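In this text the structure is predicted, and so the values were computed from the model without any measurement.
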Amino acid sequence: MLAAVLAGCMVAMPAPAQTPVAAARAPAADARNTAPGFAGLLATDRLLLMPIDVELFSLSAGGVAEPRADWTARALKHMNQALRLRQQQAKVAVLELSDRQADEHAEQLGLHAAVAQSISLHHFGGTIWALPTKAGKLDWSFGDAMRPLADATGAQYALFFWVRDSYASAERVAMMVAMAALGIGITGGVQTGYASLVDLRSGQVVWFNRLTRPYGDLREAEPARETIEALLAGFPAVR
């Protein structure tokens, strides 16, 4: 089961049960990361914490990404532990899906991954990828696709995490060194992550944050904690 979180946060529990938890004061959200008109969560809101969607890969000498289930399991464990460290800092009731509910709503997790990648590209990817119809605003919606989560749990909002990380294998490192000697640079692994706060009734993405960098090792506890902190930076404050 996924551990609790929020702008600092949570108590793990199967929905639809709820537990009010104490609250952390999050930094003010950047306007670019927040949907127009969204002023933050209310203390009376219920937040559904979705299972973390994370996968780790090893890069072969030729740059082929090979999934590593053992690394992924370690990363998930460390990320959940990192969220539990913030357990005493939130002021909303936080819900969590049971294993059965998580299976039933796997479609919503997959849909979030697709939309989050589009937001990353078209909202944060620079002028060349910007969509004129969005006018530079965080204006993205899932329509009615997230409503089943609200109906099943009674939550107003859901917090999603999507993270992918890759690491150069020993063969890849040797290739990097050899190519560097020839004046040719090739890359190692990269860490990419998204965190999204979604209004389950309207389907609107009300807050979004992304992380893309060539460092951070989710296989270790402290770097995993720092990644969670970075993804939640600027999370909307609870009013």
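Considering only heavy atoms from C-beta on, L159 stays 4.5 Å or farther from L48 through its side chain. D53 is not listed as a side-chain neighbour of V163, based on a closest heavy-atom distance of 4.5 Å or more. For the pair F57 and R164, the minimum side-chain heavy-atom distance is below 4.5 Å. At least one side-chain heavy atom of S166 sits under 4.5 Å from a side-chain heavy atom of V190. Side-chain contact between S120 and Q117 is absent, with no heavy-atom pair separated by less than 4.5 Å. Residues F208 and L197 are not in side-chain contact: their nearest non-hydrogen atoms beyond the backbone lie 4.5 Å or more apart. Contact check for L149 versus M50: side-chain heavy atoms found under the 4.5 Å cut-off. Using a 4.5 Å heavy-atom threshold, the side chains of I228 and L83 count as touching.
Scanning both residues, L200 and A158, for their nearest heavy atoms gives CD2-CB, 3.6 Å. Contact between V198 and G203 at its shortest, heavy atoms only, is CG1-O, 4.0 Å. N33 and L138 get closest at one heavy-atom pair: O-CD2, 3.1 Å. Looking at every heavy atom in both residues, A102 comes nearest to P51 through CB-CG, 4.1 Å. In terms of heavy-atom proximity, A39 sits nearest to R239 at O-NE, 3.3 Å. The two atoms that bring S196 and A116 nearest to each other are OG-CB, 4.4 Å, heavy atoms only.
For D199 and R147, the salt-bridge test fails: no basic side-chain N is under 4.0 Å from an acidic carboxylate O. Under 4.0 Å is where a charged nitrogen must lie from a carboxylate oxygen, and between D165 and R219 no such pair does.
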Exercise for the section: Give the C-alpha distance, both sets of side-chain angles, the deciding distance and a yes or no for side chain to side chain contact (heavy atoms under 4.5 Å, CB included) between H123 and W129. Expected result: CA-CA 8 Å; H123 189 64; W129 299 109; over 6 Å; no
Exercise for the section: Please step through salt bridge (Lys or Arg N to Asp or Glu O under 4.0 Å) for the pair R201 and D151, ending with a clear verdict. Expected result: CA-CA 9 Å; R201 293 295 179 185; D151 295 339; 2.7 Å; yes
Exercise for the section: Test side chain to side chain contact (heavy atoms under 4.5 Å, CB included) on F160 and M146 and set out the steps. Expected result: CA-CA 12 Å; F160 292 81; M146 295 299 176; 3.8 Å; yes
Practice task
Evaluate side chain to side chain contact (heavy atoms under 4.5 Å, CB included) for L56 paired with L218, printing each intermediate quantity in order.
Solution key: CA-CA 8 Å; L56 272 59; L218 295 175; 4.1 Å; yes
Practice task
Show your working on side chain to side chain contact (heavy atoms under 4.5 Å, CB included) between W71 and E55 and close with a plain yes or no.
Solution key: CA-CA 8 Å; W71 291 355; E55 192 167 9; over 6 Å; no
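Rounding to the nearest 0.5 Å gives a distance of 12.0 Å between CD of E96 and OG1 of T153. L111 contributes atom CG, which lies 7.5 Å from atom CD of Q108 (distance to the nearest 0.5 angstrom). Here the CD-NE2 distance, from E220 to H78, works out to 6.0 Å after rounding to the nearest 0.5 Å. Interatomic distance, I128 CD1 to H122 NE2, rounded to the nearest 0.5 Å: 11.5 Å. Note that NZ of K77 is 14.0 Å distant from CD1 of I52, once rounded to the nearest 0.5 Å.
Side-chain atoms of D103 do not come within 3.5 Å of backbone N or O of R100 as any donor-acceptor pair.
Side-chain atoms of R46 and Q156 include no donor-acceptor pair closer than 3.5 Å. Using modelled atom types and a 3.5 Å distance limit, the side chains of T212 and Q191 yield no donor-acceptor pair. Between the side chains of R213 and T227, at least one donor N or O lies within less than 3.5 Å of an accepting N or O. Side-chain contact check for S58 and R68: no donor-acceptor pair (N or O, by modelled atom type) lies under 3.5 Å.
Residues Y194 and F161 place their aromatic rings such that the two centres sit no closer than 6.0 Å.
Between F235 and W207, the ring planes are perpendicular. Angles over 60° get that label, and only those under 30° would be called parallel.
Connection of F124 to L131 is established within a shared hydrophobic cluster, with ILVMFWY side chains joined at heavy-atom distances below 4.5 Å, either directly or through further cluster members.
Other residues, nucleotides and ligands place no more than 12 heavy atoms under 6.0 Å from the NZ atom of K137. Within 6.0 Å of CD in E222 there are more than 12 heavy atoms belonging to other residues, nucleotides or ligands.
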